[in-house]
Amino acid sequence: MLNFLPGPVLFMLSLSLLIINTAVWGSLISIGGVVKLVMPAQGTRNALSTVMNRFMWAWACCNGGILFLIAKIEWDVEGLEGLDKNSWYLLISNHLSGFDIAAQTYVLRNHIPMLKFFLKKELIYVPIMGLGCWALDMPFMNRTSPAKLKKNPKLKGKDLATTRRACEKFKNMPTSIINYVEGSRFTRDKHQRQNSPYQHLLRPKAGGIAFTLSAMGEQFTNLLDMTIVYPDAPDDILFGVMNGKVSKIIVRINALPVPQVDPTRYFSESEYRVEFQRWLNQVWAEKDQQIDALLNTEQKLADNATSAKIS
């Protein structure tokens, strides 16, 4: 445990270790991607996918080791019971920091398949990153711009059909897809600009999760509603973690039934889209109340500890 070191020293140490960890496992995943690319047999590719996901698991474990080394963090996690690494999950979560994905993969690494993101197909051409994501079987999706659809209405529905074909490999491969439905990380400035009705959250966007459910909905075992809270973190959470200034991370996971989305109706009927958005807004309202209750409980504990010290 090195959290006795000065903040700047901890920051440089944690930054170096995180870069090394990502470089080592990212390089192995990319090399595996090259091998996978030249292997014609689907069985061999599937075996390589298993190895690549194990590399990502190792990356998550090493992140946890780095955290243990630089900070004394208490993990308060509930909701892991009943989760299964051989099932299929769609996970939605609030989004507070660039540190979220490291925390979430670490918490979930032994309970569900390694997390994957839907990515724009253009990202596959990004050197190293694109190959690594492909090696990890991240699903790449086509999204035709509204302008192109207006010029050529025949393209309507082809994006979904292409993405569905890309996701067929997941029918026999347990998979977890994560979607940050707020679209970006929470900041007070964004919160005010949106005039968000929630105290601790941005407005959720239904389009991404509806697209995912339209492409893969019948494959998912459950929808996992994940809430992450850093009760004593500074505004810059990642910087706070790397300086050893974060002492507790709270995670709550709620397994929900998978909502059914009729793609034909969703993409053609505004009333159907409004109804789905209303369901997501309700999920977000309950999440906001949960975050408020968790923060109030933490504040009471802190106040009681301060009173005990004074007395």
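Computed from a prediction, not measured in an experiment: that's the story for all the values here.
A search for side chain to side chain contact (heavy atoms under 4.5 Å, CB included) contacts involving E298 returns P231, K248, I250, L301, not counting sequence neighbours. The side-chain hydrogen bond (donor to acceptor under 3.5 Å, both in side chains) check on E269 picks up R265, with sequence neighbours excluded. Partners of V77 by side chain to side chain contact (heavy atoms under 4.5 Å, CB included), not counting sequence neighbours, listed by chain and number: W75, L80, V107, V251. Judged as a salt bridge (Lys or Arg N to Asp or Glu O under 4.0 Å), and not counting sequence neighbours, the contacts of E275 are R278. Annotation: side-chain hydrogen bond (donor to acceptor under 3.5 Å, both in side chains) contacts of H95 (sequence neighbours excluded): D100. By the side chain to side chain contact (heavy atoms under 4.5 Å, CB included) test, V51 is found to be paired with F55, residues two or more places apart in sequence or in another chain being considered. Residues meeting the side-chain hydrogen bond (donor to acceptor under 3.5 Å, both in side chains) test with S49, sequence neighbours left out: K36, D137. A search for salt bridge (Lys or Arg N to Asp or Glu O under 4.0 Å) contacts involving R273 returns nothing, not counting sequence neighbours. Contacts of C62 classified as side chain to side chain contact (heavy atoms under 4.5 Å, CB included), with partners at least two apart in sequence or in another chain: N21, W25. Every side-chain hydrogen bond (donor to acceptor under 3.5 Å, both in side chains) that K190 has, sequence neighbours left out, goes to S184.
The hydrophobic cluster containing L48 also includes V35, M39, under a criterion of side-chain heavy atoms closer than 4.5 Å among ILVMFWY residues, counted directly or through chains of members.
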Without placing hydrogens or testing angles, list every side-chain donor-acceptor pair under 3.5 Å for residues 234-247, not counting sequence neighbours.
unit_1 : atom_1 : unit_2 : atom_2 : d
D236   : OD1    : F239   : N      : 3.1
N243   : ND2    : F239   : O      : 2.7
S247   : OG     : D232   : OD2    : 2.2

